[in-house]
Number of protein chains: 2
Amino acid sequence: MASGTRSALTREAVLDAAAALVKRHGPDALTMRRLAKALGTAVTSIYWHVGGREALLDALVERTMAELGEIRPRGGTPEERVVGVACELRRQLRGHPHLVALVHERGLTERMFLPAQRVLVREAHAAGLRGTRAAEFVRAVQFQVVGHVLVERNRERAPVQHPGEQELWSEEAAGDDPALARALALPADTERLFLTAVSALVRSLLAPPSSTRPPDPVG
Amino acid sequence: MASGTRSALTREAVLDAAAALVKRHGPDALTMRRLAKALGTAVTSIYWHVGGREALLDALVERTMAELGEIRPRGGTPEERVVGVACELRRQLRGHPHLVALVHERGLTERMFLPAQRVLVREAHAAGLRGTRAAEFVRAVQFQVVGHVLVERNRERAPVQHPGEQELWSEEAAGDDPALARALALPADTERLFLTAVSALVRSLLAPPSSTRPPDPVG
DNA sequence: ACCTGAACACCGTTCAAGT
DNA sequence: ACCTGAACACCGTTCAAGT
């Protein structure tokens with residue numbers, strides 16, 4: 001359709017090619033020389049348009065972050081809505097697997113999380129939290145989501161571990177709880193685990209602070 | 001003291017020098033050539049003793065992991081003991097800042113966490129959890145701790161963000177909650193945040209499953 | 001304003017050669 | 001068995017030079 005965008009090297013075109021490279025082969029594959037070859041230009045042209053590799057990655061992150069959809073809370077209770085927001089956020093991050101690592105390396109986690117922060121603040125207020133308690137709630141959810149995605153992504157990348165939980169737990173005496181040994185020998189169901197953990201966290205943090213919890217009467 | 005360990009290049013000596021390099025200047029500074037220069041040998045000698053860079057890092061991780069102290073649970077209730085274990089684990093990981101990233105990159109998180117898993121299993125049993133529920137509990141705590149440390153470490157490395165929460169939250173309308181805006185503009189107190197989050201998680205997961213929580217009667 | 005090649009200072013790794 | 005230098009195929013970046 002478009003005629004001859006052939007010879008004009010644009011900042012846009014460079015970013016497109018870079019994004020494609022990262023998407024296909026991961027951030028390590030993004031090399032100035034490889035990128036130049038993909039674009040059919042000299043390496044040094046890239047420097048004129050976007051600067052060095054660091055600036056290139058910055059621009060790439062910026063760009064991908066802008067593509068992230070907005071999250072809209074859904075559900076009846078604040079708890080449900082917050083859990084929903086967390087799940088949606090995780091989904092988005094998992095949709096751009098390389099982005100997470102890139103953002104993480106560049107220390108842009110805060111920036112990436114800002115829209116979600118605004119949403120979470122509203123929900124915290126709706127649940128009756130205010131001031132520092134609300135701030136702590138927001139950040140606890142943020143750390144939880146980002147942390148979980150980081151750990152999760154890492155597991156997917158390195159599916160087989162040296163000794164591996166499998167062997168270590170299958171032979172191990174897990175007390176008299178073979179079901180537990182079996183469960184720990186299996187790879188984790190991260191989807192379910194995320195839901196469980198974030199639900200537990202949110203439920204506990206949104207609960208009225210009245211119950212400073214008396215010690216359990218169980219022996 | 002020791003006489004002439006001067007000329008004999010050992011696998012041990014290589015690992016020592018490598019560890020020192022990583023400790024001082026981070027994993028990126030660990031270069032085969034730099035390491036060789038530090039050791040006063042040819043680059044290729046390292047290959048004979050420990051193999052390539054990848055093998056070197058593996059050995060380094062293995063070694064540092066073995067140095068990690070054991071965690072002993074302390075406290076009256078299972079909840080207290082689990083939180084204590086989590087805190088101790090975080091402390092240990094923070095004590096070896098480069099190790100975390102290395103372990104994470106190599107996908108050895110499971111292996112690193114195994115001793116802690118055993119302890120957590122005992123506490124889960126003590127709290128009355130069994131089977132898959134106990135396994136889920138253990139893994140939730142594991143993901144929480146590792147994830148938090150990863151996020152936390154990243155923040156420390158990149159103290160100033162592009163726009164930064166500061167500006168973004170100081171000018172922003174946070175509803176009618178200036179205290180919250182102030183709190184979110186300040187850097188997070190990760191120590192406190194960790195304690196809050198892990199306590200909330202553990203409390204919620206160790207609570208008896210009886211309360212499927214009826215919906216809040218609040219309008 | 002835009003693009004180029006040559007050059008610099010680095011990498012990890014291999015390999016034939018020494019002792 | 002241990003150590004070496006030369007060489008290969010890569011890097012990111014700079015810079016003077018072209019048009």
Side-chain angles (χ1 to χ4, degrees), chain A residues 2-63 98 101-102 105-107 157-158, chain B residues 2-63 98 101-102 105-107 157-158:
Chain A
S3 57
T5 60
R6 193 65 184 80
S7 58
L9 187 58
T10 331
R11 183 187 152 87
E12 277 291 306
V14 175
L15 291 186
D16 284 343
L21 245 168
V22 169
K23 189 147 210 162
R24 253 199 300 271
H25 306 103
D28 287 346
L30 179 55
T31 275
M32 302 304 273
R33 290 176 139 97
R34 249 196 283 252
L35 181 57
K37 184 166 278 182
L39 285 163
T41 49
V43 205
T44 42
S45 301
I46 301 171
Y47 282 81
W48 197 92
H49 281 285
V50 300
R53 196 182 119 95
E54 210 66 6
L56 176 60
L57 285 174
D58 280 341
L60 221 57
V61 166
E62 204 74 21
R63 204 177 185 241
H98 301 306
L102 247 37
E105 280 166 16
R106 278 139 214 285
R157 221 174 21 164
Chain B
S3 57
T5 59
R6 193 66 186 75
S7 57
L9 188 57
T10 332
R11 183 186 153 88
E12 277 290 307
V14 174
L15 291 186
D16 284 343
L21 246 169
V22 169
K23 188 147 213 162
R24 253 200 299 272
H25 306 103
D28 286 347
L30 180 55
T31 277
M32 301 303 273
R33 290 177 139 97
R34 249 197 282 253
L35 182 56
K37 183 166 280 183
L39 285 164
T41 48
V43 205
T44 41
S45 301
I46 301 170
Y47 282 80
W48 197 93
H49 282 285
V50 299
R53 196 183 118 96
E54 210 65 5
L56 176 61
L57 285 174
D58 280 341
L60 222 56
V61 166
E62 203 74 18
R63 205 176 183 241
H98 303 304
L102 246 38
E105 282 165 17
R106 270 131 225 290
R157 220 174 21 164

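Per chain, numbering begins at 1; letters A, B, ... match sequence-line order. The shown structure was predicted, so the numbers you read here are calculated from the model rather than taken from an experiment.
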Figure out the [atom1]/[atom2] separation between [X] and [N], and round it to whole Å.
{"X": "A:K37", "N": "D:dG12", "atom1": "NZ", "atom2": "P", "value": "13 Å"}
{"X": "B:I46", "N": "C:dG12", "atom1": "CD1", "atom2": "P", "value": "9 Å"}
{"X": "A:R11", "N": "C:dA1", "atom1": "CZ", "atom2": "P", "value": "18 Å"}
{"X": "B:W48", "N": "D:dC3", "atom1": "CH2", "atom2": "P", "value": "7 Å"}

Smallest separation among heavy atoms of B:A19 and B:L60, with atom names: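 Minimum heavy-atom separation between B:A19 and B:L60: N-CD1, 3.9 Å.
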
Contact under 4.0 Å: A:S45 side-chain N or O vs C:dC2 OP1/OP2: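 So the side-chain polar atoms of A:S45 never come under 4.0 Å of the phosphate oxygens OP1 or OP2 of C:dC2.
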
Under-4.0 Å side-chain N/O to phosphate OP1/OP2 contact, B:H49 with D:dC3: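 Checking D:dC3 against B:H49, a side-chain N or O does come within under 4.0 Å of OP1 or OP2.
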
Pair listing, side chain to side chain donor-acceptor pair (under 3.5 Å) test, anchored in residues 10-19 of chain B, at least two apart: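 For residues 10-19 of chain B, and leaving out neighbouring residues, the side chain to side chain donor-acceptor pair (under 3.5 Å) pairs sorted by first residue read B:D16-B:R63.
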
Nearest-nucleotide pick for B:A42, side chain only, options being C:dC3, C:dT4, D:dT4: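 Nearest to the side chain of B:A42 among the choices is D:dT4.
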
Atom pair CG (A:L57) and NE2 (A:H98), whose distance is rounded to the nearest 0.5 Å: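 If I round to the nearest 0.5 Å, the distance is 12.5 Å.
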
Residues within residues 18-31 of chain B bordering DNA chain D, heavy-atom distance below 4.0 Å: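 Contacting residues: none.
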
Nucleotide pairing, DNA chain D (Watson-Crick or G-U, distances under 3.5 Å), in dot-bracket with [ ] and |: ||.|||||...|||||.||

Pairs touching residues 18-31 of chain B that satisfy salt bridge (charged side-chain N to carboxylate O under 4.0 Å, His left out), sequence neighbours left out: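 Counting only pairs at least two positions apart or across chains, no salt bridge (charged side-chain N to carboxylate O under 4.0 Å, His left out) contact touches residues 18-31 of chain B.
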
Nucleotides 13-19 of chain C: protein proximity per nucleotide (B base, S sugar-phosphate only, - neither; heavy atom, under 4.0 Å): BBB----

For residues 32-56 of chain A, which side-chain donor-acceptor pairs fall under 3.5 Å, sequence neighbours excluded?
residue	atom	partner	partner atom	Å
A:R34	NE	A:A29	O	3.0
A:H49	NE2	A:L9	O	3.1
A:R53	NH1	A:L30	O	2.3
A:E54	OE2	A:R106	NH2	3.2

